[in-house]
Amino acid sequence: MKILLVSANQERIPYPVAPLGLLYIADRAKQKGFHVSILDLCFSNNILKDIETSINHCNPDCVGVSIRNVDNLSFPNSVSYIPEVKNTIDIIKSKVNVPIVLGGSAFSLFPGDILQYTNCDFGIIGEGEDAFIQFIDKLQSKDTCYDSVDNLVWRLNGEIKYNTTCYAKTCASVIERDLIDNATYAKLGGMGNIQTKRGCQFKCAYCTYPCLEGNEYRLRPPRIIVEEARQLKEKYATNHIFFVDNVFNQPLYHSVNICEAIIKSGLKINWSCFASPKDISKDLLDLMKNAGCTHIEFGSDSLSESVLSNLQKPFSINDIIEASYECKKAGIKSAHYVMFGGPGETQSSLQESFSNIKRIETNAIIAMVGIRIYPNTELHQLSIKENILPSQKSLLDPHFYLSPKIPVEYLLQEVFKFSTTNSSFIAPGLQIRSSEKMFKILRNYYQEGPLWGYLNT
Ligand code: B12
Ligand code: SF4
């Protein structure tokens, strides 16, 4: 069985990111003895030609398409990637007549809608390793009843069927990365990526991550993480790693074990991660620094106590300020994601946020206006309750939660004004310090790590 895996993502802002999920699928399929090729469209200048060449070369019996991003999450300048993905799938269909199976985080959030929109028959929700192999086994067996394939969404007599969703065991071996262009990701993206675990146990009101990866932590062994980091550095000349976990410092003991394993190995590599201001002590930051951590991105979300609590974040404003202060002391650069206009936001909570932001000692604030609404989240329920959305509305086209307690024009104006006068602000939706051109220039000067770290240098 010959399999072609296509990564449809072409986004290069804030930088190109390697298709890690597809590597996991390819790794498992190769272990099972299938012939696997990857077509990564990230750096393609001619999708039509590249798809044609890959298909002629691989002559696949099945094509898997990874769809990472639905849209850029940026209000009011929001861009949907889904029409571009449909175009890619249409080209594949025009070149080869074999089953196509969709997957990836974007697909997993809108499986039914994307299957309909792209007119495809199969897709896999969530973690794909086990499910993809089960699907391929079914294809080979010529049994057309797909009921038993975990996580599969499929069409039967015009109806879309959803099989049971399970969360896979995490991969306990080093994944192979030869099938993608690691050198270009290191050059243009400034980093490689590694996952140390899956799952998140928090329940923040808007978040899709527990739906994508489940609520249970499934940890990867620290020695494997060290080996993957060594491989990226020594085999692929990648000097900086982004740990793609939702929250690196949860569970705390795992982050400690990873740092200790890196230190013990003697490997010298720089890295960055997402973290929560909860449980980020001076001791942990010193340990992270010693293990090579140079940048931390905090999902802080709001600097108003009431909005923070409405979003069900498990920390306070003091935790945010403290976390940033400790990062500075430890010599780690920090950035905070902040969303304005969340549940309960008023003119006075907005001004409270602005004055609290001035108290944070940080390198960057990545500011968003409004919060993208996803199905199966509390924010979705709230949006229906507050009449922001009709209950049956498809959310595939971007819809944002904007607090009814503050006029949108006022919100946009105030955030714009504050962002332009604060040099640490990046506001993608308002196009402030966030253009592809600016990121390219910065990357030319600074070869590794997140670019926000160089804003004020
Ligand atoms: C880390 C991360 C980042 C980092 C990446 C750093 C790096 N160097 O890798 C940064 C901060 C740069 C980033 C940026 C963005 N991100 Co981001 N990011 C993530 C995060 C937390 C993890 C992604 C990851 O690597 N996962 C690990 C891999 C192994 O999992 P995976 O790719 O999902 O693959 C599994 C399955 O999806 C499936 N699968 C994948 N492909 C396929 C294919 C087939 C055929 C099958 C069967 C299965 C399958 O199997 C895989 C293994 O189990 C996710 C949230 C999450 N928990 O998923 C958001 C997420 C992917 N990001 C998202 C978005 C939107 C973005 C941005 C567009 C935001 C922005 N405007 O800047 C940019 C786009 C960047 C780009 N160039 O594409 C969204 C995408 C969905 C959506 N809402 O549109 C997510 C899901 C978060 C969310 N809000 O919901 N991101
Ligand atoms: S926002 Fe972060 S901490 Fe909250 S549920 Fe999502 S991934 Fe977990």
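We number each residue from 1, following the sequence as shown. Here the structure is a predicted model, which means the values were calculated and not measured. Start at 1 and go down the list; that is how both ligands and their atoms are numbered.
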Looking only at N/O atoms, are [X] and ligand 1 under 3.5 Å apart anywhere?
X: Ser74; value: no
X: Tyr209; value: no
X: Val70; value: yes
X: Asn9; value: yes
X: Glu213; value: yes
X: Asn193; value: yes

Contact atoms of ligand 2, heavy-atom distance to [X] under 4.0 Å:
X: Asn246; answer: 7 (S)
X: Val247; answer: 2 (Fe), 3 (S)
X: Cys200; answer: 3 (S), 5 (S), 7 (S), 8 (Fe)

Would you call [X] and [Y] a salt bridge, taking side-chain N to carboxylate O under 4.0 Å as the test?
X: Asp178; Y: Lys235; value: yes
X: Glu127; Y: Arg218; value: yes
X: Arg28; Y: Asp130; value: yes
X: Glu176; Y: Lys30; value: yes
X: Lys278; Y: Glu322; value: no

Are side-chain heavy atoms of Val63 and Val98 found at a separation under 4.5 Å?
yes
Are the side chains of Met191 and Leu232 in contact, using a 4.5 Å heavy-atom criterion?
no
Below 4.0 angstrom from a heavy atom of [X], which ligand 1 atoms are there? Numbered from 1 as shown, please.
X: Val101; result: 45 (C)
X: Asp71; result: 65 (C), 68 (C), 84 (O)
X: Val17; result: 5 (C), 6 (C), 7 (C), 8 (N), 9 (O), 12 (C), 76 (C), 77 (N), 78 (O)

Reference residue Ile280; test side chain to side chain contact (heavy atoms under 4.5 Å, CB included); the match among Ile320, Leu285, Leu252
Leu285
What protein heavy atom sits nearest [atom], and how far away is it?
atom: atom 4 (Fe) of ligand 2; result: Cys204 SG, 2.3 Å
atom: atom 21 (C) of ligand 1; result: Val244 O, 3.6 Å
atom: atom 77 (N) of ligand 1; result: Tyr15 O, 2.9 Å

Under 4.0 Å from atom 43 (C) of ligand 1, do we find at least one protein heavy atom?
yes
Mind checking whether Lys313 has a heavy atom under 4.0 Å from ligand 2?
yes
Looking at Tyr401, Phe340, Phe400, which one forms a ring pair (Phe, Tyr, Trp, His ring centres under 6.0 Å) with Phe75?
Phe400
Count the heavy atoms belonging to other residues, nucleotides or ligands that lie under 6.0 Å from NZ of Lys93, then report whether that count exceeds 12.
yes
To the nearest 0.5 Å, what is the distance between CG (Asp245) and OH (Tyr217)?
9.5 Å
Candidate with minimal heavy-atom separation from [atom], of [options]:
atom: atom 4 (C) of ligand 1; options: Arg68, Glu297, Met191; value: Arg68
atom: atom 50 (O) of ligand 1; options: Ser66, Gly128, Gly190; value: Gly128
atom: atom 79 (C) of ligand 1; options: Ile194, Ile100, Asn69; value: Asn69

At under 4.0 Å between heavy atoms, what of Phe274 touches ligand 2? The answer is neither
Regarding Cys207, does it place an N, O or S atom less than 2.8 Å from atom 6 (Fe) of ligand 2?
yes
